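What you see is a predicted model; the values in this text were computed from it and never measured.
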Amino acid sequence: MNIDAIRAVEEAAATNSALDFEHEHSAPELQAAVAEAVTNGLPIKDVASAAHMTALEVLDAADRHTYSGAADPPRRRPAL
């Protein structure tokens with residue numbers, strides 16, 4: 001499982017490389033792969049290396065994937 005999780009992170013990072021470096025770490029595929037790897041107990045430094053990210057970026061990506069939309073209540077327009 002560890003090798004598969006690392007490969008998934010590497011593949012997701014490779015598909016999101018160079019075109020938009022500023023936003024590549026927010027790509028849903030990469031976030032999902034990173035979250036899966038971290039949740040399965042892989043060391044953050046190994047995941048970060050495979051994803052070409054810092055450890056903090058790995059944690060942020062995993063958090064964004066895990067908690068996406070969970071804390072955001074539905075927004076309503078104010079009554080006029």
* Over all atoms of both residues, closest heavy-atom pair of Met53 and Val58 -> CE-N, 3.9 Å
* Would you check if the side chain of Asp46 reaches a backbone N or O of Leu42 as a donor-acceptor pair within less than 3.5 Å? => no
* **Contact check, side chains of Glu57 and Asp60, non-hydrogen atoms, under 4.5 Å** => no
* Heavy-atom pair of closest approach, residues Val9 and Ala33 -> CG2-O, 3.5 Å
* To do: Work out which heavy atom in Ile6 is nearest to a heavy atom in Ala50; give both atom names and the distance.
  => CG2-CB, 4.0 Å
* Could you tell me whether a side-chain N or O of Glu11 sits under 3.5 Å from a main-chain N or O of Ala8, the two making a donor and an acceptor? => no
* How far does CZ of Arg7 sit from CG of Asn2, to the nearest 0.5 angstrom? -> 11.5 Å
* To do: For Ala55 and Ile44, work out which heavy atoms get closest and say how close.
  => CB-CG2, 3.7 Å
* Structure fact -> Rounding to 0.5 Å, atoms CG (Leu30) and CD (Glu10) come to a distance of 11.5 Å
* Asked: Taking the side chain from Ser49 and the backbone from Lys45, do they hold a donor-acceptor pair closer than 3.5 Å?
  -> no
